[in-house]
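Here is the structure we will look at.
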Number of protein chains: 2
Amino acid sequence: MTQANNVAPLFMDIAKVEHEHHLACQSCALYRLCLPLGLHSDDLAQLDTIIQRSHSLSRNQSLFDYLAPLKSIYVVRSGAFKTTVAASNGREQVTGFYFPGEFVGMDAIHSQSYQSTAKALETSSVCELPFERLSEIGAAMPQLQMQMMSRLSKELSADKNLMLLLGKKTAEEKMATFLLSLSRRFQDRGFSATEFQLSMSRADIANHLGLAVETVSRLLGRLQDGGLVHFEGKSVNIKDMHALQSLCG
Amino acid sequence: MTQANNVAPLFMDIAKVEHEHHLACQSCALYRLCLPLGLHSDDLAQLDTIIQRSHSLSRNQSLFDYLAPLKSIYVVRSGAFKTTVAASNGREQVTGFYFPGEFVGMDAIHSQSYQSTAKALETSSVCELPFERLSEIGAAMPQLQMQMMSRLSKELSADKNLMLLLGKKTAEEKMATFLLSLSRRFQDRGFSATEFQLSMSRADIANHLGLAVETVSRLLGRLQDGGLVHFEGKSVNIKDMHALQSLCG
DNA sequence: CAGGGTTCTTGACCTGGATCAATGAAAACT
DNA sequence: AGTTTTCATTGATCCAGGTCAAGAACCCTG
């Protein structure tokens, strides 16, 4: 690559190179999973020009805060995020975890302000889609609009299933469902379906599933004792996928 | 004392008049709340041509079933609906209630098949938006697409709040939140915020809030004893809105 | 308007998972 | 290195809300 004497971080270099060639999205490892899928190449080129790839965050840094005015929709590029909504007292609910290729911030479109808070779970980066400009170029790109709607719709059905989980499933069913959901998402991204790392804390998992941390700890122990899964700190190794599936309810 | 009798006939009459004049949307009582808001009159005229207003359902009849191929998005015209998602055994979760002006079926866009089942809670009617044709005309109407996205986004944030309710709130907080949500929605539709009819059964309420029917019954009794609300069968009369708000958590 | 179903209420009891408490194991800092 | 702080596990106890049971009030439909 050029600029051998430049000491800028790796991501900056990539961003620059991509920008010069106007090929950023096409050459992205997440292309298959991401917004540009199905766009014509000149539409894609136009989309490329408005996407800002610079944004990088460290652990616990927030991508946006509750009620901040909608500026951009974000696509996770690397790392992972959680979103939370808060009740009047201190309580809050972890409403979702987001991995590379997934959209964050779409619940802000209606009210034009974010309705949740998004925090990085580890060092992470995002592609930023400035909403104003996205709307402008989207006006002439029905496929882009349809892609966005499709994404919204996908998150909507995922949330309905989460409601089923929170409202009707037992602690064990919740845990099994959660692990399989992670497994599937890692697989979709080309990683192993059976071995992966939990980027979130036990507390985040517990909160997300409507359980206490202690319960999560006990459940994980129980699943491990049963030989279904092996845990070691944050790493997960699913030993019996089928048995796990039968626990989902 | 069915509240359907108050509402349904009115909307039916309007529907007839509207159709004759090809002004359906403009002259609809729900115009302020509905999709066409903000469209130019020629765009609206075009939208009018694809909307089917005929559809009417009786109590318990399903508008669409889980996994049926996506045909249309629906807007409630009169009456009320519930949507449910089912777990592998018999359990199911009531994921939402839908009132006039609200959209049903948007979670089908991504997978092109409905991801929930929608049932009428009483005699109800809908406007049907054939999705194929909606996409076609939407391609040339960015405002329409944006309206749809906005609707999706609105339901998304509502669902996140429901996750907070299901995961973190106590039975009493759930009940208070639910009653106030109904109150607000009736008010938005030009009805009283303090007196209205529950179109759904105790069982549906309980299910939706992740509670047992008996708990709902007891909570309603308790709220009534406290003088916050008066119940008589399906009718609700909120006596102390403020106190109710302070119970929402 | 009788009778059979369904839905709602109320009481008595029980349990899954929360809470409390104590300890161990990692990180993060100095 | 050691020290502090956060995070995870494990055990003991408790309670909010579920379950079971039995009426009561409300439908329907003939």
Side-chain angles (χ1 to χ4, degrees), chain A residues 58-61 82 89-91 93-94 119 121-123 165-178 197-226 229-236 247 249, chain B residues 1-5 58-60 82 89-91 93-94 119 121-123 165-178 197-226 229-236 247 249:
Chain A
S58 49
R59 188 171 142 78
N60 283 327
Q61 204 180 340
K82 69 172 174 185
N89 53 357
R91 286 173 299 178
Q93 170 76 26
V94 173
K119 279 201 158 64
L121 294 171
E122 55 188 286
T123 303
L165 178 146
L166 287 168
K168 295 289 172 299
K169 295 196 180 186
T170 66
E172 191 174 57
E173 289 169 340
K174 287 175 177 181
M175 199 67 233
T177 308
F178 176 68
Q197 305 278 335
L198 298 173
S199 38
M200 67 292 291
S201 67
R202 299 285 191 269
D204 284 338
I205 298 175
N207 183 309
H208 183 52
L209 302 179
L211 299 171
V213 202
E214 295 90 329
T215 306
V216 167
S217 213
R218 278 186 258 266
L219 283 169
L220 295 183
R222 196 133 59 84
L223 288 176
Q224 180 154 248
D225 292 347
V229 190
H230 179 78
F231 300 97
E232 197 166 330
K234 304 240 154 203
S235 19
V236 179
L247 290 182
Chain B
M1 39 164 69
T2 60
Q3 109 280 12
N5 295 345
S58 49
R59 189 172 141 78
N60 283 327
K82 69 171 173 185
N89 54 358
R91 286 173 300 177
Q93 170 77 25
V94 173
K119 279 202 157 65
L121 292 172
E122 57 188 284
T123 303
L165 177 145
L166 286 168
K168 296 288 171 300
K169 295 196 179 184
T170 66
E172 191 174 57
E173 288 169 341
K174 287 176 177 180
M175 199 68 234
T177 308
F178 176 68
Q197 306 279 334
L198 299 173
S199 38
M200 67 292 291
S201 67
R202 300 285 191 271
D204 284 337
I205 297 174
N207 184 309
H208 183 51
L209 302 179
L211 299 171
V213 201
E214 295 91 329
T215 307
V216 167
S217 212
R218 277 186 259 267
L219 283 169
L220 296 183
R222 196 133 60 84
L223 289 176
Q224 180 155 248
D225 290 348
V229 189
H230 178 77
F231 299 97
E232 198 166 328
K234 304 240 154 203
S235 13
V236 178
L247 289 183

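Just so we're on the same page: letters track the sequence lines, and every chain starts at 1.
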What's the CZ-P distance between Arg202(A) and dA26(C), to the nearest Å? 12 Å
With heavy atoms under 4.0 Å as the rule, sort Ser217(B) into base, sugar-phosphate or nothing. base
Does any pair with a residue in residues 203-216 of chain B pass salt bridge (charged side-chain N to carboxylate O under 4.0 Å, His left out), and if so which ones, sequence neighbours excluded? Lys82(B)-Asp204(B)
Leu220(B) side chain near Arg202(B) side chain, heavy-atom distance below 4.5 Å: yes
Whole-Å gap separating P (dC27(D)) and CG (Leu121(B)): 16 Å
Given Met175(A), which partner from the list Ile205(A), Leu247(A), Val229(A) fulfils the side-chain contact (heavy atoms from CB on, under 4.5 Å) test? Ile205(A)
Output the rounded distance in Å from CZ (Arg59(B)) to C1' (dT6(C)). 10 Å
Integer-rounded Å distance: dG11(D) C1' and Arg218(A) CZ: 7 Å
How many whole angstroms separate atom CZ of Arg222(B) from atom P of dA16(D)? 10 Å
Does some side-chain heavy atom of Leu165(B) sit less than 4.5 Å from a side-chain heavy atom of Gln93(A)? no
Presence of Lys234(B) side-chain N/O under 4.0 Å of dC26(D) phosphate oxygens OP1/OP2: no
Counting the atoms with a prime plus P, OP1 and OP2 as sugar-phosphate, which does Ala171(A) contact under 4.0 Å by heavy atoms, base, sugar-phosphate, or nothing? sugar-phosphate
To the nearest Å, how far apart are Lys168(A) NZ and dG16(C) P? 18 Å
Classify Leu211(A) by what it touches in the nucleic acid, base, sugar-phosphate, or nothing, heavy-atom distance under 4.0 Å. sugar-phosphate
Of dA18(C), dC8(C), dG17(C), the nucleotide closest to the side chain of Ala212(A) is dA18(C)
When rounded to whole Å, the CG to P distance for the pair Leu198(A) and dT9(D) reads 10 Å
Show every salt bridge (charged side-chain N to carboxylate O under 4.0 Å, His left out) that has at least one partner inside residues 168-177 of chain A, sequence neighbours left out. Glu172(A)-Arg222(A), Glu173(A)-Arg91(B)
Could you state the CD-C1' distance from Glu214(A) to dA22(C), rounded to the nearest angstrom? 12 Å
Taking only N and O in the side chain of Thr215(B), is any of them less than 4.0 Å away from OP1 or OP2 of dG18(D)? yes
